[in-house]
Asks: 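Take a look at the following structure, please.
Here is the naming used below: chain letters follow the sequence lines, and residue numbers restart at 1 for every chain. Given the structure is predicted, the values throughout are model-derived calculations rather than measurements.
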Amino acid sequence: MLQLSFVRENKQRVIDRLAVKNFDAAALVDDILSIDKQRRNIQKTLDDTLSAANLMAKEIGRLFKSGQREDAEQKRQESTQLKQKTKELEHKLNELVSAMNEKLVELPNIPHESVPPGNSDKDNELIFEAGEMPILPESALPHWDLAIKYGIIDFDLGSKVTGAGFPFYRGQGARLQRALINFFLDEAIKRGYLEYQPPLLVNEDSGYGTGQLPDKEGQMYFVGEDKLYLIPTAEVPITNIYRNVILKEDDLPVKNVAYSSCFRREAGSYGKEVRGLNRLHQFDKVEIVQIAHPAESYNILEEMKDQVADLLRKLELPFRIVKLCGGDISFTSALTYDFEVYSAAQKRWLEVSSVSNFESFQANRMKLRFKNKEGKTQLAHTLNGSALALPRVVAALLENNQKEDGIYIPEALRTYTGFGKIVK
RNA sequence: GGAGAGGUGGCAGAGUGGUCGAAUGCGGCGGUCUUGAAAACCGUUGAUCUUCACGGAUCCGGGGGUUCGAAUCCCUCCCUCUCCGCCA
């Protein structure tokens, strides 16, 4: 969420910038500021009252000690009244604080200056395109048919054992998954990331910290018995490592990478959009997370963008990068690049990565700070990106590299798979 | 799952109803001394809110309560450790 002090000092700017996200913030901001004003008034009165009560309590202690029972007794009566007053003030203050927080979390993050206006993915700005578009014969199969032909992914078996969207990977298909995970992790480690293996279940505080809760509650699987959520991305546990943490400036940037399975309920999705590997309830992803100095975060975003592009190049997949427009960018993000690979048999672009700078939006929510050179604590910036999500990469690899005699594995991956092509 | 112990500042560790935001040690930072370093000595060293500032308020695992007054008493939740049981 945005910092209250920022909203207070930059009211018009907040409203203007959020208009780019097609978000009319005027009324909300007014509400917040008016509640804030009341809050500060009450806070002041309460502080003064408490201060008086504290002084009196000390005085009473002194009187009792020196044996002045009568004076003490009288003060004690007075103090009881003060007590009543503080109770009322506290109650009122709590109401105002929670009302304000409720409103404050409804404000989206402010988009970066370079974010183009727009309403949907059609208005996203294409900023890069690379790789050769494969030309496939008419007989080319979409990946869900290739999966059956080569016996490498079994969707029906997944439906039987669990449900739709939970495929089994089998033989060379399973091997390919493992190869991709190791490849992605190794590439990140080469770039100085520290590898983590996070828990796949997180508590409520963590869900709140990265912004999945409260608004996207329905997207996560929930284990009610233990009040735990299955993670929709490793971003959640990895970023929450730093919840309520004050780092040293020298620790920045923090670079973490994690492979994890990801679980998403995807309620309301259906049709050919979700066919095969296009959208799953459980999938694998390698996620990169950085915690950065505010002055550096946009350089780091570019660096992460190049990193993801490099992976796609090594996988020899045609891809493009789009900068999300105001209408398509997420609630929490200030600037997002989406990466899409071309899946030649479906003739579709599939999103395989999303790299974002959240600036201090997540950090403020989870109190992730660092102590700067002047000794002041300051919110850090958080960034993350998929590097990469597996299923759609696999879809494109299978479709684009299919030949008469099998499906060819790109050179960079062969040391990981141990085979050069997938055969029947 | 059963029984017990415990959660205090960056760390270790005192404190069991009143000058305790918290002794002491270590670590960190600054200084004295030194050609330099070490040692020694002196000083300093948490966070949040609020105020132009002085100052004030809050925080001893989280939440609630008792009391004029709570780190200290009560309730509740969470977590850690030890023993037993179970187990990849």
Asks: In whole Å, what separates the C1' atom of B/U72 from that of B/U66?
Replies: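 Rounded to whole Å, the distance is 13 Å.
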Asks: Taking a pair as Watson-Crick or G-U wobble with both distances under 3.5 Å, which nucleotide is matched to B/G6?
Replies: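 Result: B/C79.
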Asks: Not counting sequence neighbours, which residues clear side chain to side chain contact (heavy atoms under 4.5 Å, CB included) with A/Asp251? List them please.
Replies: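 Residues passing side chain to side chain contact (heavy atoms under 4.5 Å, CB included) with A/Asp251: A/Leu247, A/Lys248.
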Asks: In whole angstrom, give me the gap between the C1' atoms of B/G85 and B/A3.
Replies: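 Roughly 11 Å separates the two C1' atoms.
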Asks: Mind checking side-chain hydrogen bond (donor to acceptor under 3.5 Å, both in side chains) for A/Ser356 and listing every partner two or more places apart, or none if nothing turns up?
Replies: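 Partners of A/Ser356 by the side-chain hydrogen bond (donor to acceptor under 3.5 Å, both in side chains) criterion, ordered by chain and then number, come out as A/Thr336.
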Asks: Not counting sequence neighbours, which residues clear side chain to side chain contact (heavy atoms under 4.5 Å, CB included) with A/Lys85? List them please.
Replies: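 Listed in chain order: A/Thr49, A/Leu89.
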Asks: Sort out the partner of B/U24 for me: Watson-Crick or G-U wobble, both distances under 3.5 Å, none otherwise.
Replies: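 Its partner is B/A12 (Watson-Crick or G-U wobble, both distances under 3.5 Å).
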Asks: Rounded to whole angstrom, note down the C1' distance from B/U80 over to B/U16.
Replies: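 Roughly 22 Å separates the two C1' atoms.
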Asks: Is A/Arg369 close enough to B/U48 that one of its side-chain N or O atoms is under 4.0 Å from OP1 or OP2 there?
Replies: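 Yes, such a contact exists.
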Asks: Rounded to whole angstroms, how far apart are CG on A/Asp250 and C1' on B/C29?
Replies: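 It works out to 14 Å between those atoms.
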Asks: Atom CG of A/Asn364 to atom P of B/U48: distance rounded to whole Å?
Replies: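 Spelled out: CG on A/Asn364 to P on B/U48 is 12 Å.
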Asks: Base, sugar-phosphate or nothing for A/Lys248? Non-hydrogen atoms, less than 4.0 Å.
Replies: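 No contact at all - A/Lys248 keeps every heavy atom at 4.0 Å or more from the nucleic acid.
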Asks: Using a 4.0 Å heavy-atom cut-off to protein, can you give one letter per nucleotide of nucleotides 55-77 of chain B, 5' to 3': B if the base is in contact, S if only the sugar-phosphate is, - if neither?
Replies: -BSS-------SBBS--------
Asks: When you compare B/C75 with B/A70, how far apart are their C1' atoms, in angstrom units rounded to a whole number?
Replies: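 About 15 Å, rounded to a whole number of Å.
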Asks: Map A/Arg40 and A/Lys367 onto RNA chain B by nearest heavy atom, then report which one ends up closer to the 5' terminus.
Replies: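 Residue closer to the 5' terminus by nearest nucleotide: A/Lys367.
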Asks: Calculate the interatomic distance between A/Lys37 atom NZ and B/U51 atom P; express it in whole Å.
Replies: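 In whole Å, B/U51 P lies 12 Å from A/Lys37 NZ.
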Asks: Expressed in whole Å, how much space separates the P atoms belonging to B/A39 and B/G28?
Replies: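 Taking atom P in both B/A39 and B/G28, they lie 9 Å apart.
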Asks: Please identify each residue that fulfils side chain to side chain contact (heavy atoms under 4.5 Å, CB included) with A/Leu185, with sequence neighbours left out.
Replies: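 Side chain to side chain contact (heavy atoms under 4.5 Å, CB included) list for A/Leu185, sorted by chain: A/Ile181, A/Glu195, A/Val257, A/Tyr259, A/Val286.
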Asks: Given the C1' atoms of B/U44 and B/U50, what is the spacing between them in whole Å?
Replies: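 Straight-line distance between the two C1' atoms is 26 Å.
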Asks: Taking atom C1' in both B/A22 and B/U76, what distance in whole Å separates the two?
Replies: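 Looking at atom C1' only, B/A22 and B/U76 are 26 Å apart.
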Asks: Where the side chain of A/Lys371 is defined as all heavy atoms beyond and including C-beta, which of B/U50, B/U48, B/G46 is the nearest nucleotide?
Replies: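 Looking only at heavy atoms from C-beta outward on A/Lys371, the closest nucleotide is B/G46.
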Asks: Using a heavy-atom cut-off of under 4.0 Å over every strand shown, decide if A/Arg69 touches base, sugar-phosphate, or nothing.
Replies: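 Here A/Arg69 touches no strand at all.
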Asks: Using the P atom on both, measure B/G56 against B/G6 and round to a whole Å.
Replies: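 To the nearest whole Å, 37 Å.
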Asks: For the rings on A/Tyr298 and A/His381, is their centre-to-centre separation under 6.0 Å?
Replies: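 Distance test on ring centres: not under 6.0 Å, no.
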Asks: Assess the residue pair A/Phe370 and A/His293 against the criterion (ring-ring contact (aromatic ring centres under 6.0 Å, His included)); give the C-alpha distance rounded to whole Å, side-chain angles, the decisive distance to 0.1 Å, and a yes or no.
Replies: CA-CA 8 Å; A/Phe370 70 98; A/His293 191 287; 5.1 Å; yes
Asks: For a quick test of your reading: what N or O donor-acceptor pairs under 3.5 Å do the side chains of residues 2-9 of chain A make, sequence neighbours left out?
Replies:
unit_1	atom_1	unit_2	atom_2	d
A/Arg8	NE	A/Asp36	OD2	2.8
A/Arg8	NH2	A/Asp36	OD1	3.4
A/Arg8	NH2	A/Asp36	OD2	3.3

